[in-house]
Amino acid sequence: MKTLVIGSGGREHAIVEALSRSPQVTKIYCAPGNAGIAKLAECVNIGVTDIDALADFAEKEGIDLTVVGPEAALAAGVVNLFNERGLKIFGPTKEAARIESSKEYAKQVMERFEVPTAGYRAFDNYEEAIAYVKAGKIPTVIKYDGLAAGKGVVVAMSLEEADAALRDMLLDSSFGKGRVVIEDFLEGPEFSFMCVVSGDKVYPLELAQDHKRAYDGDKGPNTGGMGAYSPVPFIGDDIKKRALEEIMKPVAEGLVKEGNPFTGILYGGLILTEDGPKVIEFNARFGDPETEVVLPRMKSDLYALFEAALKGEEFDIEWDKDAVLGVVLASKGYPGSYAKGAEINGLDDVETSVYHMGTTAKDGKLLTAGGRVLMVTGKGATLEDAHAEAMKSLAKIECASLFHRSDIGKAAL
């Protein structure tokens with residue numbers, strides 16, 4: 001089988017790697033890919049939102065299955081176009097992907113189907129929004145109602161922080177013109193629950209925990225994710241079952257009822273409160289960096305899982321009991337402005353899996369090409385072992401313009 005993976009980050013690197021383990025897959029293309037992906041797949045220079053060119057390529061090459069990585073491609077309607085042209089693709093339509101691309105729509109879906117989440121109000125007017133915050137409780141959570149590459153969420157611990165976020169999103173239009181959703185602050189440990197979904201069929205994957213803040217001790221600005229690990233030892237099977245039955249299945253079934261059936265990865269960003277698991281956010285695709293620690297634990301054939309889901313067939317997923325922990329190496333300055341083009345050395349000495357997130361190869365050298373650059377993983381019988389392996393590998397990588405967190409997994413450790 002020939003497959004095409006759309007995207008260029010660590011998530012896509014992990015998807016490509018998992019597909020490369022399938023005995024059914026003989027050829028993998030990735031558009032546009034990166035320097036790490038190029039070792040496993042043929043990279044094709046087509047942008048993720050150039051959906052006509054992607055469909056033309058899939059048609060010309062006789063691609064058997066296309067897998068969508070990033071949200072930008074989904075929001076551009078790549079699945080709708082492929083469906084119209086009779087090309088097999090794994091991902092939600094533009095309409096179903098609104099569960100991620102509009103925070104307000106996601107909240108409305110949860111309200112309609114009684115899915116547990118934080119109370120909220122939506123605003124497009126700064127004066128009304130700040131008045132609501134002043135009348136409510138701090139801390140509060142402010143979310144840009146649209147796609148913002150994982151950076152459109154502010155947990156405001158003071159009125160000043162809330163005011164700055166609202167000015168940023170509503171007056172300065174940092175992420176574009178739009179609305180904000182202001183949510184009640186929820187307390188408890190967060191975890192990521194990704195499920196393969198096809199209509200009302202839901203196939204749960206293993207849990208992971210992401211680390212959003214830039215610096216050790218959960219300090220600094222929110223990022224796209226600075227590291228992750230799987231499994232999550234403090235979320236028991238009983239809580240996972242509740243999350244599946246009370247959150248993931250009702251949303252999948254609800255979208256079918258509304259005429260927007262979801263096919264692809266439904267990602268639940270969840271929090272374990274005193275009242276049980278609740279939703280912080282939904283994404284309409286594999287999480288990044290969670291994919292890089294969940295897919296390496298999958299013993300089953302990923303291609304066969306996608307095929308089963310598209311046909312609505314039963315599929316039992318087999319998992320490796322070992323833990324995987326990954327640490328992101330990011331460009332100094334991220335998630336703000338940062339330089340590109342710094343040389344990376346030492347990767348040839350690393351024996352654990354490294355996923356490329358923002359790299360490019362030039363004149364035989366590996367260079368930084370993004371905010372998040374590499375994700376270095378470790379695997380072991382315990383999370384302690386996996387953490388030790390990841391840190392050992394990190395020490396071998398040389399690049400003066402990169403930084404990382406040293407406390408990934410600390411809550412579980």
Next on the checklist: With a sphere of 6.0 Å drawn around CG of Asp237, does it hold more than 12 non-hydrogen atoms of other residues, nucleotides or ligands?
Outcome noted: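 Atom CG in Asp237 is not crowded, with 12 or fewer foreign heavy atoms closer than 6.0 Å.
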Checklist entry - More than 12 heavy atoms of other residues, nucleotides or ligands under 6.0 Å from NZ of Lys362: is that the case? => result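 Open.
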Checklist entry - Under the side chain to side chain contact (heavy atoms under 4.5 Å, CB included) criterion, do Val5 and Tyr29 qualify, and how do the steps go? => result CA-CA 6 Å; Val5 176; Tyr29 295 95; over 6 Å; no
Item to check | Within the 6.0 Å centroid threshold, strictly below: Phe193 and Tyr267 | outcome: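 Aromatic pair excluded; centres sit 6.0 Å or further apart.
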Item to check | Near-ring test Phe306/Phe90, centroid separation under 6.0 angstrom | outcome: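 Between Phe306 and Phe90, which both carry aromatic rings, the centre distance is below 6.0 Å.
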Next on the checklist: Glu253 vs Asp200, test: side chain to side chain contact (heavy atoms under 4.5 Å, CB included). Steps then yes/no.
Outcome noted: CA-CA 5 Å; Glu253 289 161 6; Asp200 57 6; 3.9 Å; yes
May I ask you to check whether [X] and [Y] show a side-chain donor-acceptor distance below 3.5 Å?
X	Y	answer
Glu17	Tyr355	yes
Glu95	Asn80	yes
Thr223	Lys212	no
Thr291	Asp288	no
Asp145	Ser102	yes

Please enumerate all residues that pass salt bridge (Lys or Arg N to Asp or Glu O under 4.0 Å) together with [X], with sequence neighbours excluded.
X	answer
Arg297	Glu206
Glu245	Lys249
Lys321	none
Lys311	Glu307

When rounded to the nearest 0.5 angstrom, what distance separates [atom1] in [X] from [atom2] in [Y]?
X	Y	atom1	atom2	result
Leu205	Ile265	CG	CD1	5.5 Å
Asp301	Ile317	CG	CD1	11.5 Å
Met298	Arg21	CE	CZ	8.5 Å
Ser8	Asn45	OG	CG	11.0 Å
Glu281	Ser192	CD	OG	8.5 Å

Show me the side-chain donor-acceptor pairs of residues 335-350 shorter than 3.5 Å, one per line, residues at least two apart or across chains.
| unit_1 | atom_1 | unit_2 | atom_2 | d |
| --- | --- | --- | --- | --- |
| Tyr338 | OH | Gly371 | N | 3.0 |

Checklist entry - What's the verdict on salt bridge (Lys or Arg N to Asp or Glu O under 4.0 Å) for Lys27 and Glu42, showing C-alpha distance, side-chain angles and the deciding distance? => result CA-CA 8 Å; Lys27 177 76 179 175; Glu42 185 176 327; 2.8 Å; yes
Next on the checklist: Once you measure the plane-to-plane angle for His356 and His13, does it fall in the parallel (<30°), tilted (30-60°) or perpendicular (>60°) bin?
Outcome noted: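 Rings of His356 and His13: tilted, 30 to 60°.
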Checklist entry - Is there a side chain to side chain donor-acceptor pair (under 3.5 Å) between Glu389 and Thr352 once you walk through the steps? => result CA-CA 8 Å; Glu389 284 295 307; Thr352 60; over 6 Å; no
Checklist entry - Does the pair Met357 and Leu374 meet the rule for a side chain to side chain contact (heavy atoms under 4.5 Å, CB included), with working shown? => result CA-CA 5 Å; Met357 304 177 101; Leu374 297 167; 5.8 Å; no
Mark yes or no for whether [X], through its side chain, and [Y], through its backbone, hold a donor-acceptor pair below 3.5 Å.
X	Y	answer
Thr140	Glu183	yes
Arg285	Gly69	no
Thr359	Thr368	no
His211	Gly227	yes
Glu100	Ala97	no
Thr377	Ser353	yes
Thr263	Gly91	no
Ser331	Tyr334	no
Asp363	Lys365	no
Arg372	Val328	no

Residues 406-413 side chain polar contacts: donor-acceptor under 3.5 Å, at least two apart:
| unit_1 | atom_1 | unit_2 | atom_2 | d |
| --- | --- | --- | --- | --- |
| Ser406 | OG | Asp216 | OD2 | 2.5 |
| Asp407 | OD1 | Arg405 | NE | 2.8 |
| Asp407 | OD1 | Arg405 | NH2 | 3.1 |
| Asp407 | OD2 | Gly217 | N | 2.7 |
| Asp407 | OD2 | Arg405 | NH2 | 3.2 |

Do [X] and [Y] touch side chain to side chain, with heavy atoms closer than 4.5 Å?
X	Y	result
Leu394	Val327	yes
Val141	Asp184	no
Val68	Ile89	yes
Phe403	Leu329	no

Checklist entry - Applying the side-chain contact (heavy atoms from CB on, under 4.5 Å) test to Ile28, which of Val67, Leu40, Leu19 qualifies? => result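 Only one option passes, and that is Leu19.
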Next on the checklist: Just to verify, what does Tyr105 make a ring-ring contact (aromatic ring centres under 6.0 Å, His included) with, not counting sequence neighbours?
Outcome noted: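 Tyr105 satisfies ring-ring contact (aromatic ring centres under 6.0 Å, His included) with no other residue.
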Checklist entry - side chain to side chain contact (heavy atoms under 4.5 Å, CB included) with Ala122: which residues, sequence neighbours excluded? => result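 Once residues adjacent in sequence are excluded, the partners of Ala122 under the side chain to side chain contact (heavy atoms under 4.5 Å, CB included) criterion are Glu104, Arg179, Val181.
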Check side-chain hydrogen bond (donor to acceptor under 3.5 Å, both in side chains) between [X] and all other residues, then give those that pass, not counting sequence neighbours.
X	value
Glu313	none
Asp56	Arg85
Lys2	none
Arg242	Glu246

Checklist entry - Salt bridge between Lys201 and Glu314, side-chain N to carboxylate O under 4.0 Å? => result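 Counted as a salt bridge, because a side-chain N and a carboxylate O are separated by less than 4.0 Å.
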Item to check | Electrostatic pair Glu258-Arg112, nearest N-O below 4.0 angstrom | outcome: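 The answer is yes: the pair qualifies as a salt bridge.
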Checklist entry - How close do Tyr203 and Ala309 get, heavy atom to heavy atom, and via which atoms? => result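 Tyr203 and Ala309 have their closest heavy atoms at OH-CA, 3.6 Å.
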Checklist entry - Which heavy atom of Tyr144 sits nearest a heavy atom of Lys103, and at what distance? => result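 Scanning both residues, the minimum pair turns out to be O-CG, 3.4 Å.
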